[in-house]
Amino acid sequence: MAGNYKTYQVGDFTVTRVFEKTSVVGTPEFLFPDWDPAIMQEHEHWLVPGSMDEAHEHLIRSIHTWVVRTKHHTILVDTATGNDKERPFIPSFHHLHLPYLDRLKAVGVAPEAVDYVLLTHLHADHVGWNTQLVDNRWIPTFPNAKYIFPKAEQQFFSSPESHNEHYKTNIGVYEDSVLPIIEAGQAEMIDISGGELFEGIAFHPTPGHTIGHMAISLTSLGQSALFGGDVMHHPLQVYQPKWNTGFCEFAEQARTSRLWTLEYAVERRAIYFGGHFAESSAGFVTRKGDHFQWRFE
């Protein structure tokens, strides 16, 4: 999987996934509080083995970065988990040593060449490679990049409200992966209403998973794409959009954002780039009657 660098064309843009790691997210009952075992019969033909293990016990997710190239810029969307991070409450994220930067180089991206890093939200597995440990200091991994992320996320995760038992899995993330970017003068924050970053790239408010989560759209030459971050963790949610995961902080907002995302993808025939979907992590949403369907691309 690490060497699978499929590139997608969206008008004048190209999009390539750079894989960091596979994560077994747990049993369906763990991920989805509303899990219905009857769903398995309907979807087993495409779930196993790519999106669920062959024992039918665990759902599979991918952790990765999307590399976007325009005529003028090299852009990263989310930066995965990172190396050397102190994540004692998430053992699978703790003190990693993965060849992520080598994989970026394999698709022709040196850290110095990155112009923008766009972040859908500030969870551990989306901001980790913002920084790297050098001489016992966390410094920006991409020294020439402007890091752009939702202001509401920064306000929340820098506040005492996020430093407690409930949010323990994200303890230390702001300090080692976000604050050094701000202190280096490389951060720019997007207001709660979202908006266009520059021609063809825009942020859209999709709160629910976190307080200020945003999706990111591409539009070029009449073609569209959408980076959904954690609006959906698994393609089963395309078929069951009312299903929140146990990680969704604001349940009703999460459902509203998910429906908006699915409608956006259908109406614009946009290729959807998932934040954690396994296999290719990319595909198309279509509508059949009152329901949505998913097709990996």
Side-chain angles (χ1 to χ4, degrees), residues 65-66 68 73 75-79 115-128 130-131 140 145-164 166-167 169-171 173-175 177-219 224-233 237 241-242 244-265 267-268 270 272-276:
T65 289
W66 295 104
V68 180
H73 301 114
I75 301 165
L76 307 184
V77 179
D78 290 339
T79 64
D115 300 299
Y116 293 94
V117 175
L118 312 183
L119 304 171
T120 58
H121 63 299
L122 301 184
H123 272 173
D125 51 344
H126 292 259
V127 303
N130 284 0
T131 59
K146 182 66 74 174
Y147 291 71
I148 302 175
F149 47 89
K151 184 177 182 179
E153 292 282 293
Q154 187 275 333
Q155 290 175 330
F156 178 76
F157 286 108
S158 65
S159 71
E161 188 178 356
S162 69
H163 291 62
N164 53 49
H166 181 71
Y167 293 100
T169 56
N170 227 50
I171 288 175
V173 173
Y174 182 82
E175 289 75 15
S177 298
V178 181
L179 186 58
I181 301 305
I182 297 172
E183 292 177 339
Q186 292 180 233
E188 181 178 316
M189 295 172 211
I190 297 291
D191 189 70
I192 192 170
S193 59
E196 190 172 63
L197 176 60
F198 46 77
E199 186 175 2
I201 298 182
F203 280 76
H204 303 267
T206 49
H209 174 65
T210 59
I211 195 167
H213 187 287
M214 290 195 180
I216 299 167
S217 65
L218 302 183
T219 306
S224 297
L226 189 68
F227 299 93
D230 282 2
V231 169
M232 293 182 283
H233 278 72
Q237 289 172 285
K242 292 184 179 180
N244 285 331
T245 72
F247 307 123
C248 293
E249 293 293 330
F250 307 94
E252 288 310 310
Q253 283 187 315
R255 292 187 181 98
T256 298
S257 293
R258 195 170 302 116
L259 285 170
W260 177 89
T261 297
L262 292 167
E263 293 286 357
Y264 184 102
E267 291 173 4
R268 290 164 177 78
Y272 182 80
F273 296 114
H276 288 303

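Residues take their numbers from the sequence shown, with the count starting at 1.
Put simply, the side chain of Thr79 gets close to the backbone of Asn130: a donor and an acceptor are under 3.5 Å apart. For Glu153 (side chain) and Gly212 (main-chain N/O), a donor-acceptor pair under 3.5 Å exists by modelled atom type. At least one donor-acceptor pair closer than 3.5 Å links the side chain of Ser162 to the backbone N or O of Phe157. Side chain of Ser257 to main chain of Ala254: no donor-acceptor pair is present (N/O by atom type, distance under 3.5 Å, no hydrogens or angles).
Between Tyr167 and the choices His123, Glu161, Glu249, the side-chain hydrogen bond (donor to acceptor under 3.5 Å, both in side chains) rule is met once, by Glu249.
Looking at residues two or more places apart in sequence or on another chain, you find a side chain to side chain contact (heavy atoms under 4.5 Å, CB included) between Thr245 and Leu31, Phe32, His233, Gln237, Phe247, Cys248. Applying the ring-ring contact (aromatic ring centres under 6.0 Å, His included) test to Phe250 and every residue at least two apart in sequence or in another chain returns nothing. Residues meeting the ring-ring contact (aromatic ring centres under 6.0 Å, His included) test with Phe273, sequence neighbours left out: Tyr8, Trp66, Phe227. Taking the side chain to side chain contact (heavy atoms under 4.5 Å, CB included) definition, one finds that Glu183 meets it with Leu179, sequence neighbours left out. Residues forming a side-chain hydrogen bond (donor to acceptor under 3.5 Å, both in side chains) with Gln154 (at least two apart in sequence, or on another chain): Tyr174. In this structure Glu175 satisfies the side-chain hydrogen bond (donor to acceptor under 3.5 Å, both in side chains) test together with His163, sequence neighbours excluded. With sequence neighbours excluded, the residues satisfying side chain to side chain contact (heavy atoms under 4.5 Å, CB included) with Lys151 are Gln155, Met189. By the side-chain hydrogen bond (donor to acceptor under 3.5 Å, both in side chains) test, Tyr264 is found to be paired with no residue, residues two or more places apart in sequence or in another chain being considered. Checked against side chain to side chain contact (heavy atoms under 4.5 Å, CB included), Glu267 has the following partners two or more places apart in sequence or in another chain: Glu263. Applying the side-chain hydrogen bond (donor to acceptor under 3.5 Å, both in side chains) rule to His126 yields the partners Asp78, Asp230, His276; only residues at least two apart in sequence or on another chain are considered.
Rounding to the nearest 0.5 Å places CD1 of Ile181 at 4.0 Å from OH of Tyr147. Here the straight-line distance linking atom CG of Leu76 with atom CG of Leu119 works out to 9.5 Å at 0.5 Å rounding. Atom NE2 of His209 sits about 8.0 Å away from atom OG1 of Thr120, to the nearest 0.5 Å.
No side-chain heavy atom of Val68 sits less than 4.5 Å from a side-chain heavy atom of Tyr116. In this structure the side chain of Val173 never reaches within 4.5 angstrom of the side chain of Leu122, judged on heavy atoms.
Contact between Val127 and Ser177 at its shortest, heavy atoms only, is O-CB, 3.5 Å. In terms of heavy-atom proximity, Leu262 sits nearest to Pro241 at CD1-CB, 3.6 Å. Residues Gly185 and Lys146 come closest through the heavy atom pair O-NZ, 3.6 Å. Summarising the geometry of Ala124 relative to Asn170, their closest heavy-atom pair is N-OD1, 3.0 Å, with the distance given to 0.1 Å.
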side-chain contact (heavy atoms from CB on, under 4.5 Å) between Arg258 and Asn244, intermediate numbers included: CA-CA 9 Å; Arg258 195 170 302 116; Asn244 285 331; 2.9 Å; yes
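Within the structure, salt bridge (charged side-chain N to carboxylate O under 4.0 Å, His left out) pairs that include any residue of residues 115-128 comprise Arg61-Asp125 (at least two apart or interchain).
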Enumerate donor-acceptor pairs with a distance under 3.5 Å from any side-chain N or O in residues 192-208 to protein atoms, sequence neighbours excluded.
unit_1: Ser193; atom_1: OG; unit_2: Asp191; atom_2: OD2; d: 3.4
unit_1: His204; atom_1: NE2; unit_2: Ser217; atom_2: OG; d: 2.7
unit_1: Thr206; atom_1: OG1; unit_2: His213; atom_2: O; d: 3.4
unit_1: Thr206; atom_1: OG1; unit_2: His213; atom_2: ND1; d: 2.9
unit_1: Thr206; atom_1: OG1; unit_2: Ala215; atom_2: N; d: 3.1

